[in-house]
Colleague: 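Just passing along the structure, written as structure tokens.
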Amino acid sequence: MSSLADTPIVLSKKGDAPMPAAEAEALLEQVPGWQIVSEDGVDKLTRDFRFKDYLVIIDLAHKVGRIAEQNDHHPEMHVAWGTLTVTWWTHVTGGLHKNDFIMAARCNRAAMLVSAP
């Protein structure tokens, strides 16, 4: 059985509805460390990655940026000393889509690689 991170991205299109809350909650179980937040009525998936080394944070931000560009699905990112905050949602649906959870799983995988000794 493949992981969520290995699931192909299917680009959403204008007119697609946001994911139902029950489906989002079920997928949330597959992306440890992430939470669903609502901003201005839009559900988003967010996580703070914390490391004591600023260059590890920068490395992870670059990895997430490359993953996003390869998949034509881009997050909001905020870099600060010790923390990278990544937030996913799908603009055209006005909320969450399965792609957001796939990308969150890929971020978790990337974070394990940058934190490895």
Colleague: Quick one: do W81 and V64 end up in the same hydrophobic cluster if we chain Ile, Leu, Val, Met, Phe, Trp and Tyr together by side-chain heavy atoms under 4.5 Å apart?
Modeller: yes
Colleague: Side chain to side chain contact (heavy atoms under 4.5 Å, CB included) between H73 and M103: does it pass, once the steps are laid out?
Modeller: CA-CA 8 Å; H73 192 52; M103 297 301 282; 3.6 Å; yes
Colleague: Taking all non-hydrogen atoms of both residues into account, name the closest pair between V31 and A105 and its distance.
Modeller: CG1-N, 3.6 Å
Colleague: Taking only residues two or more places apart in sequence or in another chain, which ones pass side chain to side chain donor-acceptor pair (under 3.5 Å) with T87?
Modeller: T46
Colleague: Just jot down the side chain to side chain donor-acceptor pair (under 3.5 Å) partners of E39, sequence neighbours excluded, or say none.
Modeller: K44
Colleague: Who passes side chain to side chain donor-acceptor pair (under 3.5 Å) against H62, sequence neighbours left out?
Modeller: none
Colleague: So do W34 and C107 actually touch side chain to side chain, heavy atoms under 4.5 Å?
Modeller: yes
Colleague: Any side-chain heavy-atom pair from L84 and M77 closer than 4.5 angstrom?
Modeller: yes
Colleague: State whether the side chain of N108 and the backbone N or O of P32 hold a donor-acceptor pair below 3.5 Å, judged by distance alone.
Modeller: yes
Colleague: Run the side chain to side chain contact (heavy atoms under 4.5 Å, CB included) test on F49 and T85 for me, step by step, so that the C-alpha distance in whole Å, both residues' side-chain angles and the decisive distance to 0.1 Å come before the verdict.
Modeller: CA-CA 6 Å; F49 292 94; T85 302; over 6 Å; no
Colleague: Linking I/L/V/M/F/W/Y whenever their side-chain heavy atoms sit closer than 4.5 Å, directly or via other members, would F51 and V79 fall into one cluster?
Modeller: yes
Colleague: Answer whether the closest heavy-atom distance between the side chains of M19 and L27 falls below 4.5 Å.
Modeller: yes
Colleague: Could you please spell out the steps behind the side chain to side chain contact (heavy atoms under 4.5 Å, CB included) verdict for T7 and F101?
Modeller: CA-CA 10 Å; T7 303; F101 292 88; over 6 Å; no
Colleague: Is it the case that atom NE2 in H74 sees more than 12 heavy atoms from other parts of the structure closer than 6.0 Å?
Modeller: yes
Colleague: Going by the rule salt bridge (charged side-chain N to carboxylate O under 4.0 Å, His left out), which residues pair with K52 if we only count those two or more places apart in sequence or in a different chain?
Modeller: none
Colleague: Are a donor atom and an acceptor atom from the side chains of W88 and N99 found within less than 3.5 Å of each other?
Modeller: no
Colleague: If you compare all heavy atoms of I67 against all heavy atoms of A110, which two are closest, and at what distance to 0.1 Å?
Modeller: CD1-CB, 4.0 Å
Colleague: Applying side chain to side chain donor-acceptor pair (under 3.5 Å), name anything that partners R50, two or more places apart in sequence or on another chain.
Modeller: D48, T83
Colleague: When rounded to the nearest 0.5 angstrom, what is the spacing between CD1 in I102 and CD in Q30?
Modeller: 10.0 Å
Colleague: For A104 versus L45, what's the shortest heavy-atom pair and its separation?
Modeller: CB-CD2, 3.7 Å
Colleague: Minimum heavy-atom separation for T93 and L96, please, with both atom names.
Modeller: OG1-O, 4.1 Å
Colleague: Should L60 and L55 be counted in the same cluster of Ile, Leu, Val, Met, Phe, Trp and Tyr side chains packed under 4.5 Å apart?
Modeller: no
Colleague: Per the salt bridge (charged side-chain N to carboxylate O under 4.0 Å, His left out) rule, what does the pair list look like for residues 96-112, sequence neighbours excluded?
Modeller: D6-R109
Colleague: Determine whether V86 and V37 fall in the same hydrophobic cluster, where Ile, Leu, Val, Met, Phe, Trp and Tyr are linked whenever their side-chain heavy atoms lie under 4.5 Å apart.
Modeller: no
Colleague: What are the two closest heavy atoms between A68 and P75, and how far apart are they?
Modeller: CB-CD, 3.6 Å
Colleague: Which atom pair, heavy atoms only, marks the closest approach of L11 to N71?
Modeller: CD2-O, 3.9 Å
